[in-house]
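Following: one structure in structure tokens, then a few remarks.
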Amino acid sequence: MTRGLAAAAALTLAVVTALIALTGGGPASVLRHGFLLPVVALALAFGRLGGALGTGAALGLYAPVVLLEIERSGLTPETIEGLVTCAVVAGVGALGGALTTRARRQRARYETILTVQRALAGATPLEAALGRLRTVLIERLRAADVGLVVRDGAREVVAGADRVAAGSVAAGVLAVGTSVFVPDVGEGRRPRRVFATPLLVAGQPIGVLAVERVAELDRDERAALDALGVHIAVALENARLTSRQRRFAEELERSVASATRRLEELDRAKSAFVAVASHELRTPLTALQGFSEILAARSLAPEEVRRMAGIMRAEAARLGRIVSDLLDLSRIERGLEPTLHRVPVVVEAALVATADLFRRGVADTIVVDCAPALPPVDADPDALERILTNLVSNAVKYSPPGSEVRLCARRAGAMVEVAVLDRGAGIPGDALARIFEPYYRVPATSTVRGTGLGLAVVKALVEAHGGVIHVESARDAGTRVAFSLPAVP
Ligand code: ADP
């Protein structure tokens with residue numbers, strides 16, 4: 001194709017020259033315009049080089065005709081026309097060639113940019129994307145080698161080398177953010193040129209593009225490489241934003257799924273709670289009703305009356321605790337803090353009172369162990385009583401009958417720490433994180449009476465005092481629930 005065109009151009013030039021000679025038309029012959037055709041064709045086909053060759057050939061054939069005529073008859077209108085034609089042929093050849101070369105370069109750059117975008121598109125890891133980009137750039141830029149460095153958070157991802165060597169051209173460009181041109185790196189017989197340009201995002205270097213070439217790397221091409229650096233930086237930033245957006249969407253999806261799961265669980269727990277709570281409320285009510293009917297209908301021995309009254313008192317207390325827990329929980333769920341009326345409270349007295357409440361004759365199984373000279377705590381006495389009854393009730397409920405329960409208190413800095421220890425079955429590790437959730441009950445303990453509200457209320461009460469609560473437990477090793485309350489200064 002290119003050879004055919006060159007041959008056709010040469011033939012046209014020869015034919016035009018021959019026709020001018022044969023017709024004896026001289027420099028002003030109308031046939032002289034025929035020289036423009038092959039010159040334009042060569043310039044369009046081969047750019048600058050084609051334009052120059054076409055112009056050279058056309059002028060080589062036509063200029064002698066003009067010059068001979070000038071010699072013969074001096075400057076006449078014909079010879080001046082001839083000179084103008086020479087100038088037009090030279091101008092068209094040079095201009096046409098230059099424009100074609102420039103258009104080609106622009107197209108090549110545009111294609112390179114598209115290649116860059118294609119290489120960086122998709123969800124591949126940065127290392128792989130840079131490797132791919134390096135390969136296509138070596139080919140498109142006709143480079144001996146291409147190096148790419150991109151900062152990704154604290155690390156630097158490098159393609160074309162193991163790492164950025166300290167003091168290297170790339171390190172300098174990354175630090176300063178301006179391009180560097182080395183006309184010869186001094187390896188090999190022919191000069192090896194290196195041009196390194198920063199990849200800039202919002203004026204900040206996020207990486208470096210370094211191109212090594214054995215052939216010429218002129219100013220125009222260096223400017224084009226600077227522009228390519230900007231495009232690569234934008235494409236990288238886009239890829240990064242896309243992957244960040246994707247990660248964010250996945251995270252959001254996971255959070256929504258887990259929140260939905262939690263809500264479903266809570267919903268199930270609430271439904272289960274309604275069943276459990278009705279049962280829990282009905283049991284003491286049935287006992288109260290039954291015993292009160294017996295007391296009303298029969299005349300019993302005083303010890304029997306006392307025994308029944310004791311049971312009724314315990315069941316009424318139980319009923320009261322459940323109702324208080326329910327009221328507290330409904331306040332907590334509405335986002336309200338428990339109302340506290342704080343006064344100095346003597347911890348040992350509160351522990352002894354709670355222990356007495358649960359002892360029911362087995363005197364030695366609930367032990368109170370207070371450190372000497374314990375300061376009083378700044379607490380609401382009712383709230384403290386509810387905290388303690390809930391914890392001691394759990395310790396008794398979830399331990400074998402007659403096993404020891406200890407209530408300990410000691411000073412811990414500005415706080416007083418109270419701990420309730422039992423030697424029961426303990427709480428399995430996976431349930432530990434959930435026992436303070438409202439309605440949650442460890443499945444293994446479902447045969448023991450309970451609502452799953454106690455610890456949620458206890459935690460809210462302790463935290464309302466500015467204290468903290470935590471549980472240590474292991475299966476079959478017992479449980480230790482410790483909470484702190486501020487000591488009175
Ligand atoms: P419940 O009314 O069911 O006792 P809580 O909120 O007080 O509700 O306790 C939540 C769950 O934590 C209980 O159902 C029980 O499984 C477990 N738990 C609490 N305290 C203890 C303990 N001392 N020993 C073993 N398990 C316990």
Side-chain angles (χ1 to χ4, degrees), residues 1-2 43-50 97-152 156-162 164 168-170 173-174 177-185 187-188 190-201 205-240 242-243:
M1 168 79 184
T2 49
L44 290 182
F46 305 112
R48 245 185 221 137
L49 186 66
L99 286 178
T100 305
T101 301
R102 179 181 290 193
R104 284 206 181 140
R105 278 190 178 175
Q106 294 288 17
R107 198 177 72 186
R109 279 167 203 164
Y110 175 67
E111 282 171 2
T112 308
I113 288 167
L114 281 184
T115 315
V116 165
Q117 272 165 359
R118 247 178 256 132
L120 293 180
T124 35
L126 190 56
E127 285 83 353
L130 285 191
R132 211 163 47 210
L133 181 61
R134 175 173 172 260
T135 313
V136 294
L137 285 182
I138 288 178
E139 192 199 319
R140 287 215 63 90
L141 301 175
R142 288 175 287 107
D145 199 4
V146 166
L148 281 156
V149 184
V150 173
R151 276 189 185 138
D152 184 33
E156 276 172 2
V157 181
V158 184
D162 294 338
V164 180
S168 65
V169 175
V173 172
L174 208 51
T178 50
S179 10
V180 169
F181 177 52
V182 184
D184 186 5
V185 286
E187 293 162 11
R190 298 178 62 196
R192 293 176 83 86
R193 308 174 198 289
V194 168
F195 184 67
T197 182
L199 309 179
L200 296 171
V201 169
I206 62 151
V208 179
L209 161 69
V211 177
E212 183 177 326
R213 208 193 252 176
V214 181
E216 197 50 53
L217 199 54
D218 61 25
R219 184 187 296 256
D220 186 34
E221 280 181 289
R222 296 201 299 267
L225 284 177
D226 275 332
L228 183 64
V230 173
H231 280 290
I232 293 177
V234 169
L236 277 171
E237 200 56 11
N238 280 346
R240 207 178 301 196
T242 312
S243 94

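Everything numeric in this text was worked out from a predicted model, so none of it was measured.
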**OP:** Please confirm whether the backbone N or O of L217 pairs with a side-chain atom of R222, one donor and one acceptor, at under 3.5 Å?
**Re:** yes

Original post:
Does S168 use its side chain to pair, donor to acceptor, with the backbone of V164 at less than 3.5 Å?
Top reply: no

Applying side-chain contact (heavy atoms from CB on, under 4.5 Å), can you list everything that pairs with [X], at least two apart in sequence or on another chain?
{"X": "S179", "result": "F195, T197, P198, D226"}
{"X": "A224", "result": "R109"}
{"X": "V169", "result": "V173, V180, V182, A196"}
{"X": "I113", "result": "Q117, L228, H231"}

Original post:
Considering residues at least two apart in sequence or located in another chain, which fulfil the salt bridge (charged side-chain N to carboxylate O under 4.0 Å, His left out) criterion with R105?
Top reply: D218, D220

Original post:
What pairs with R134 under salt bridge (charged side-chain N to carboxylate O under 4.0 Å, His left out), at least two apart in sequence or on another chain?
Top reply: D145

Taking C-beta and beyond as the side chain, do [X] and [Y] meet within less than 4.5 Å on heavy atoms?
{"X": "R213", "Y": "R142", "value": "yes"}
{"X": "V150", "Y": "E156", "value": "no"}
{"X": "L133", "Y": "L148", "value": "yes"}
{"X": "L126", "Y": "L236", "value": "yes"}
{"X": "E212", "Y": "R193", "value": "no"}
{"X": "L137", "Y": "I232", "value": "yes"}
{"X": "R118", "Y": "L114", "value": "yes"}
{"X": "R240", "Y": "I206", "value": "yes"}

**OP:** Would you give the length of the straight line joining atom CD of E139 to atom OG1 of T135, rounded to the nearest 0.5 angstrom?
**Re:** 9.5 Å

Original post:
Distance from R102 atom CZ to R104 atom CZ, nearest 0.5 Å?
Top reply: 14.5 Å

**OP:** Kindly indicate, with the supporting measurements, whether the criterion side chain to side chain contact (heavy atoms under 4.5 Å, CB included) is fulfilled by R48 and T100.
**Re:** CA-CA 7 Å; R48 245 185 221 137; T100 305; over 6 Å; no

Looking at every non-hydrogen atom in both residues, tell me the closest pair between [X] and [Y] and how far apart they are.
{"X": "T101", "Y": "G47", "value": "OG1-CA, 3.4 Å"}
{"X": "A143", "Y": "V211", "value": "CB-CG1, 3.8 Å"}
{"X": "P183", "Y": "P191", "value": "O-CB, 4.2 Å"}
{"X": "A170", "Y": "V208", "value": "O-CG2, 3.6 Å"}
{"X": "G97", "Y": "A43", "value": "N-CB, 3.5 Å"}
{"X": "R140", "Y": "T115", "value": "CD-OG1, 3.4 Å"}

Subject >> Test side chain to side chain contact (heavy atoms under 4.5 Å, CB included) applied to E237 and V201, L199, L120, the passing residue >> reply: V201

